[in-house]
Amino acid sequence: MNATRHAIGLGLRRGWTEFLLSLRSPQDQGFYLFTAVGTLAFLWFNRDNELEGTALLYPTYALPSILGALLAFGVVIGPAFALAMEREDGTLLRHKALPHGMQGYVTGQLTYHSLSLFPSLLTILVPSFLLFDGLMHGGAAGWLTVAWVVALGLLATLPLGMILGSIVPSTQKVGTWGMLPIMVLTAISGIFFPIQSLWGWVQGVAQVFPTYWIGLGLRSAFLPDSAVTLELGDSWRTGTTVAVLLAWAVVGALLTPRVLRRMARRQSGSTVEAAREASLQWVR
Amino acid sequence: MSSTADDAVISVRGLRMSYGSHEVLTGVDLDVHPGEVVCLLGPNGAGKTTTIEVLEGFRLPSDGQVRVLGEDPATAGDAWRARVGVVLQSWRDHARWTPRALLTSLGGYFAPYSTPERARPYDVDELLVTVGLGEHADRRIGTLSGGQRRRLDVAVGIIGRPELLFLDEPTAGFDPQARRDFHDLVHRLSDLEGTTILLTTHDLAEAEKLADRILILDDGRIVADGSAEELTRQVAGTSEVRWARGRERFVHPTDDVVGFVRRLFEQEGDALTDLEVRKASLEDTYLAMVQRSQPDAPSTARLQEVTW
């Protein structure tokens with residue numbers, strides 16, 4: 001029996017179990033519901049707005065972008081929070097005490113957060129198709145594009161979440177170190193309005209990060225070809241999208257194991273105990 | 001089997017640990033032999049947890065030689081990990097899981113290391129019953145009481161059927177019944193499985209009940225090593241004689257109880273109205289030892305000594 005492969009199998013099962021537990025948890029159901037209702041309400045109130053210079057309705061333009069932003073946001077913040085919390089509560093330490101436990105743990109995290117993407121996207125996609133017309137212009141090829149953009153986007157952003165969760169000093173700091181930058185990034189990545197309306201240097205910054213490219217890739221899948229005039233350089237830039245997301249995925253794949261190892265090395269019973277004491281001292 | 005340093009399960013020489021200029025461990029030497037139950041005692045901040053974390057491979061020592069199951073824990077691989085059990089003090093992890101699901105998941109990692117002599121992991125149902133969680137096997141862990149959670153921690157620590165088990169203050173927060181059950185469990189592990197056990201505790205009665213050997217750690221080093229009885233003998237005045245003459249009461253610590261009492265009868269005769277001989281407890285020994293190694297510590301109130 002190959003112990004590494006065995007551990008990865010256990011990790012996959014762990015991720016699946018966590019996913020099922022999350023689906024059954026009222027807290028997580030509430031989160032999915034809240035995001036979905038919020039997004040749909042936002043699109044509904046803008047349902048009759050036409051985008052300037054096109055016959056495109058706002059929901060048609062914004063839905064793919066919002067899905068992209070939710071992907072990037074959820075897949076970075078989800079693992080960051082989970083990792084920071086499980087470093088503090090001893091989940092990680094439990095795995096560190098097992099043979100090949102860290103491999104199983106990381107596999108579990110990757111599996112769980114990848115799976116969690118489906119309910120968060122589906123709870124928005126399905127009702128959107130019922131509420132709004134003319135959302136998908138790409139047909140079957142469009143759905144295929146959705147599939148590879150989501151897959152690549154996942155590979156590009158998931159490692160960022162793991163790294164963030166490994167380096168934040170505590171769970172409470174995920175907000176400042178993680179949420180804030182990602183929210184700013186989402187705001188400048190052409191999600192809620194076309195990126196051209198921002199200053200040039202801001203456009204440059206946005207194009208370094210995956211969020212913009214995931215949004216662009218999804219727009220290329222959903223929107224009619226005529227909408228390409230709303231994009232930078234009047235092009236979907238599919239090749240560049242693949243290249244940028246792949247680059248992030250490769251950097252993530254190389255960097256994450258090192259950061260995780262370094263973080264795991266520092267875990268011990270006393271770090272868990274210290275986190276517990278710190279949490280008991282919160283002023284509520 | 002002879003117990004030499006070579007076949008020791010744990011062998012530590014000159015272990016030092018410092019954080020910046022603060023020295024937590026100043027040169028710890030200790031050996032633990034196969035099948036032994038050894039208890040590490042010491043005041044808060046003596047370095048018990050640091051020592052045990054170095055042995056678990058969770059912390060790198062500043063200096064010294066450490067061998068656990070024949071390997072250096074800092075560099076030992078996964079096969080070594082599979083032979084070692086660690087009971088961790090968790091607090092809110094896996095709240096949505098059930099004890100059964102968690103033990104099945106975590107126990108799975110030991111399956112590749114199962115041997116005909118030592119089947120790994122334990123059967124989950126059996127283990128749940130053993131630690132007294134049989135009825136709670138399918139409850140959410142988040143709804144377990146503190147004591148039940150700690151039993152689950154113990155179950156997680158031994159699920160892989162370890163040859164060596166580390167327990168850092170395992171019974172903190174246990175009620176007397178849970179404590180008794182836990183002691184039975186430790187005895188069973190040690191007697192039936194031959195598991196070598198190293199535990200830390202504050203509870204002297206627990207140490208006396210469980211340990212074959214007690215190590216007292218103070219000020220970053222081992223200040224005493226032996227069975228509870230041996231340790232008690234090492235301290236002068238192992239017994240205390242209390243007597244009364246009329247309304248006056250006296251106390252005298254002595255090693256020679258019989259001689260002292262004989263002289264007492266000779267001198268006092270019928271004036272003696274009460275007599276009590278008390279053997280020093282491990283607690284007395286412990287306090288004496290810790291105090292001896294810390295001369296600047298405030299001394300406890302001395303009993304009135306009578307010499308004649």
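Computed over heavy atoms, backbone and side chain alike; hydrogens, waters and symmetry mates excluded. Chain identifiers are assigned alphabetically (A, B, ...) following the order of the sequence lines, protein sequences preceding nucleic acid strands; residue numbering begins at 1 within each chain.
No part of B/Ala101 comes within reach of chain A, as not one of its non-hydrogen atoms sits under 4.5 angstrom from that chain. Contacts of B/Trp80 with chain A are absent, with no heavy-atom separation under 4.5 Å from either backbone or side chain.
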Given B/Arg96 and A/Asp28, is the salt bridge (Lys or Arg N to Asp or Glu O under 4.0 Å) satisfied, shown in steps? CA-CA 12 Å; B/Arg96 291 172 183 173; A/Asp28 290 18; 2.9 Å; yes

Show your working on side chain to side chain contact (heavy atoms under 4.5 Å, CB included) between B/Phe58 and A/Gln267 and close with a plain yes or no. CA-CA 7 Å; B/Phe58 287 170; A/Gln267 282 289 302; over 6 Å; no

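Donor-acceptor pairing under 3.5 Å is recorded for the side chains of A/Ser268 and B/Arg59.
Among B/Asp93, B/Val86, B/Leu88, the one residue that satisfies the side chain to side chain contact (heavy atoms under 4.5 Å, CB included) test with A/Leu93 is B/Leu88.
Highest contact tally toward chain A, considering only B/Ile52, B/Thr49, B/Leu60, B/Leu106, is held by B/Leu106 [criterion: heavy-atom pairs under 4.5 Å]. Options A/Ser25, A/Gly11, A/Gly90 differ in how many heavy-atom pairs under 4.5 Å they form with chain B, and the most are formed by A/Ser25. Put simply, of A/His6, A/His100, A/Arg13, the one with the most heavy-atom pairs under 4.5 Å next to chain B is A/His100.
At a threshold of 4.0 Å, the pair B/Asp153-A/Arg94 counts as salt-bridged, since one of the basic side-chain nitrogens sits closer than that to a carboxylate oxygen.
A pairwise comparison of heavy atoms in A/Tyr105 and B/Tyr109 identifies N-OH, 4.0 Å as the closest pair.
Using non-hydrogen atoms only and a strict 4.5 Å limit, no part of residues 245-252 of chain A faces chain B.
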